Amino acid sequence: MKIALLGYGRMGKEIEKIAISRGHEIVIRKAADTEIDITQADVAIDFSIPTSAFENITNCFRNGVPVVSGTTGWLDNYSKALDICEENKGAFIYASNFSVGVNIFFELNKQLAKMMSNIDNYDIAMEEIHHTKKLDAPSGTAITLAEGIIENTSKENWDLDEASSENNIPIVAKRIPEVPGTHSVWYNSEVDSIEIKHTAHSRKGFALGAVVAAEWLLGKTGVFTMKDVLNIS
Ligand SMILES: NC(=O)c1ccc[n+]([C@@H]2O[C@H](COP(=O)([O-])OP(=O)(O)OC[C@H]3O[C@@H](n4cnc5c(N)ncnc54)[C@H](O)[C@@H]3O)[C@@H](O)[C@H]2O)c1
Ligand SMILES: O=C(O)C1=N[C@H](C(=O)O)CCC1
């Protein structure tokens, strides 16, 4: 495939290596708000910044280029992006985290939340740790985890750093140099604690997942998720 990289930073460069190793060609390396001819590409992969993702993604829809986006921190515009995708018969996959491990972790998180939903006396807490260059907090992955808990418990929302009410999930966001991404969910009671944790050792898992998703999306129309790509039941 001819791939357009929208965003050529840490993730863009990791994706480039994996894409080339899988026989693909990088035809665009977009690293700023510059004009490009996206129609040169068979597929686009957006790992840019929160303030550019929506424009990058919808430009692909309008030009008939399937697009995979991993950029986080722009989801206030997600439903508007879906409308534009539908209007243009586009093809789209967004994932807060493209690694296979985290997508398994998302399902584990929902199952645990379901089991805990009728058990009293446990407080829920979350922590995410990323590198110091990360622009958004909490991470998109942490938000997806919190949404999985909210879907399966009486929790109503999440708060960054501390719970403003007992109906919300507190998410602590820590920034430590070079950390690729660690996510923990705790259920704490007076007598014990239950913890689930995912630790990324590098960006390779995110990048491989994004390239596999782009390969899967080619030739399709509609909005899909990594559950569709990985065929997770
Ligand atoms: N979904 C996942 O699996 C996953 C994994 C890692 C990172 N991320 C997310 O991906 C995004 C990028 O992460 P990163 O570590 O590569 O960041 P980064 O800062 O290293 O790279 C972002 C790049 O976007 C470029 N950019 C700025 N304006 C642009 C524009 N208008 N169009 C295209 N590119 C533009 C910047 O110059 C930079 O090169 C973040 O939102 C991060 O949260 C997602
Ligand atoms: O390095 C980042 O930035 C990451 N961002 C994603 C998120 O916000 O969840 C995925 C993990 C790494």
Side-chain angles (χ1 to χ4, degrees), residues 3-19 26 28-38 41 44-60 65 67-78 92-106 109 126-148 158 160 171-185 197-214 224-227 229-230:
I3 297 175
L5 293 178
L6 309 179
Y8 194 55
R10 288 175 290 271
M11 281 302 300
K13 293 181 175 71
E14 197 65 46
I15 289 166
E16 177 180 44
K17 284 188 276 185
I18 289 176
I26 308 299
I28 294 171
R29 295 174 180 80
K30 187 182 181 193
D33 188 11
T34 51
E35 282 302 308
I36 57 166
D37 174 11
I38 195 67
I45 301 179
D46 168 77
F47 281 75
S48 54
I49 59 176
T51 51
S52 69
F54 177 77
E55 179 54 36
N56 285 338
I57 293 162
T58 52
N59 182 49
C60 292
V65 177
V67 54
V68 164
S69 176
T71 307
T72 56
W74 66 275
L75 295 194
D76 289 350
N77 286 321
Y78 183 72
F92 182 42
I93 296 175
Y94 165 79
S96 59
N97 201 304
F98 276 96
S99 75
V100 174
V102 165
N103 280 273
I104 300 296
F105 190 65
F106 284 152
N109 171 62
M126 291 179 57
E127 179 185 84
E128 55 99 338
I129 309 173
H130 286 88
H131 54 90
T132 50
K133 301 282 194 306
K134 185 169 179 55
L135 298 178
D136 54 322
S139 68
T141 303
I143 293 171
T144 303
L145 288 163
E147 287 168 347
W158 54 267
L160 183 58
I171 304 176
V172 171
K174 287 183 180 168
R175 295 296 174 258
I176 298 172
E178 308 308 319
V179 173
T182 301
H183 292 86
S184 302
V185 180
K197 180 176 186 178
H198 178 276
T199 303
H201 300 317
S202 73
R203 292 182 174 85
K204 288 187 171 60
F206 311 141
L208 176 60
V211 175
V212 167
F224 305 95
T225 68
M226 269 309 269
K227 278 188 77 171
V229 176
L230 299 175

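Order of appearance sets the numbers: ligands from 1, and atoms from 1 within every ligand. This is a predicted model, so every value here is computed, not measured.
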### Query
Sequence neighbours excluded, which residues qualify as ring-ring contact (aromatic ring centres under 6.0 Å, His included) partners of Phe206?
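Partners of Phe206 by the ring-ring contact (aromatic ring centres under 6.0 Å, His included) criterion come out as none, since no residue qualifies.
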### Query
Of all residues at least two apart in sequence or in a different chain, which pass the ring-ring contact (aromatic ring centres under 6.0 Å, His included) check with Phe224?
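With neighbours one apart ignored, the set is Trp216.
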Closest approach of any protein heavy atom to [atom], naming residue and atom:
| atom | result |
| --- | --- |
| atom 28 (N) of ligand 1 | Ile49 CD1, 3.5 Å |
| atom 31 (N) of ligand 1 | Ser52 CB, 3.2 Å |
| atom 22 (C) of ligand 1 | Ser48 O, 3.5 Å |
| atom 3 (O) of ligand 1 | Phe98 N, 2.8 Å |

Has the side chain of [X] got a donor or acceptor atom that lies under 3.5 Å from a matching backbone atom of [Y]?
| X | Y | answer |
| --- | --- | --- |
| Lys13 | Tyr8 | yes |
| Asp46 | Gly7 | no |
| Ser69 | Tyr94 | no |

May I ask you to check whether [X] has an N/O atom sitting below 3.5 Å from an N/O atom of ligand 1?
| X | result |
| --- | --- |
| Arg10 | yes |
| Phe47 | no |
| Met11 | yes |
| Gly12 | no |
| Gly70 | yes |

### Query
Hey, what's the ring geometry for Phe47 with Phe98, parallel, tilted or perpendicular (30° and 60° as the breaks)?
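Because their plane-to-plane angle lies in the 30° to 60° range, the rings of Phe47 and Phe98 count as tilted.
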### Query
Parallel, tilted or perpendicular: which fits the ring planes of Tyr78 and Phe92, with parallel below 30° and perpendicular above 60°?
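Tyr78 and Phe92: tilted rings.
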Under-4.0 Å heavy-atom contact with ligand 1, by part of [X] that carries it:
| X | value |
| --- | --- |
| Glu55 | neither |
| Tyr8 | backbone |
| Ala32 | backbone |
| Ala95 | backbone |
| Ser96 | backbone |

### Sequence-distant partners of Ser202, side-chain contact (heavy atoms from CB on, under 4.5 Å), two or more places apart
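Here the qualifying residues are Lys204.
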How long is the span from the [atom1] atom in [X] to the [atom2] atom in [Y], to the nearest 0.5 Å?
| X | Y | atom1 | atom2 | result |
| --- | --- | --- | --- | --- |
| Leu6 | Glu55 | CG | CD | 10.5 Å |
| His183 | Asn109 | NE2 | CG | 11.0 Å |
| Thr72 | Asp136 | OG1 | CG | 3.5 Å |
| Leu5 | Ile45 | CG | CD1 | 6.0 Å |

#### Entry: Neighbour count >12 (heavy atoms, 6.0 Å) for atom CG, Asp76
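No, not enclosed.
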### Query
Do you know which of His198, Lys174, Arg175 makes side chain to side chain donor-acceptor pair (under 3.5 Å) with Glu128?
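Testing each of His198, Lys174, Arg175 against Glu128, the sole residue satisfying side chain to side chain donor-acceptor pair (under 3.5 Å) is Arg175.
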#### Entry: Residues in contact with ligand 2, criterion: heavy atom under 4.0 Å
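These residues qualify: Thr72, Ser96, Asn97, His130, His131, Lys134, Ser139, Gly140, Thr141, Pro180, Phe206.
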Which ligand 1 atoms, with their elements, are less than 4.0 angstrom from a heavy-atom of [X]?
| X | value |
| --- | --- |
| Asn56 | 32 (N), 33 (C) |
| Thr71 | 10 (O), 41 (O) |
| Lys134 | 43 (O) |

#### Entry: Sub-4.0 Å heavy-atom approach of Gly140 to ligand 1
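It does not, in that no heavy atom of Gly140 comes within the 4.0 Å cut-off of ligand 1.
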### Message
Can you give me the closest heavy-atom contact between Ile28 and Ile38, atom names plus distance?
### Response
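Looking at all heavy atoms of both residues, the shortest contact is CD1-CA, 4.0 Å.
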#### Entry: Closest non-hydrogen atom pair between Leu135 and Ile49, with its separation
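It is CD1-CG2, 4.0 Å.
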### Message
My understanding is that we take every heavy atom of each candidate and find the minimum distance to atom 43 (O) of ligand 1. Doing that for Asn59, Ile28, Thr72, which one comes out nearest?
### Response
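Comparing heavy atoms across Asn59, Ile28, Thr72, the nearest one to atom 43 (O) of ligand 1 lies in Thr72.
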### Message
Please compare Gly7, Gly9, Ala31, Ser139 and report which has the shortest non-hydrogen distance to atom 36 (C) of ligand 1.
### Response
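Nearest heavy atom to atom 36 (C) of ligand 1 lies in Ala31.
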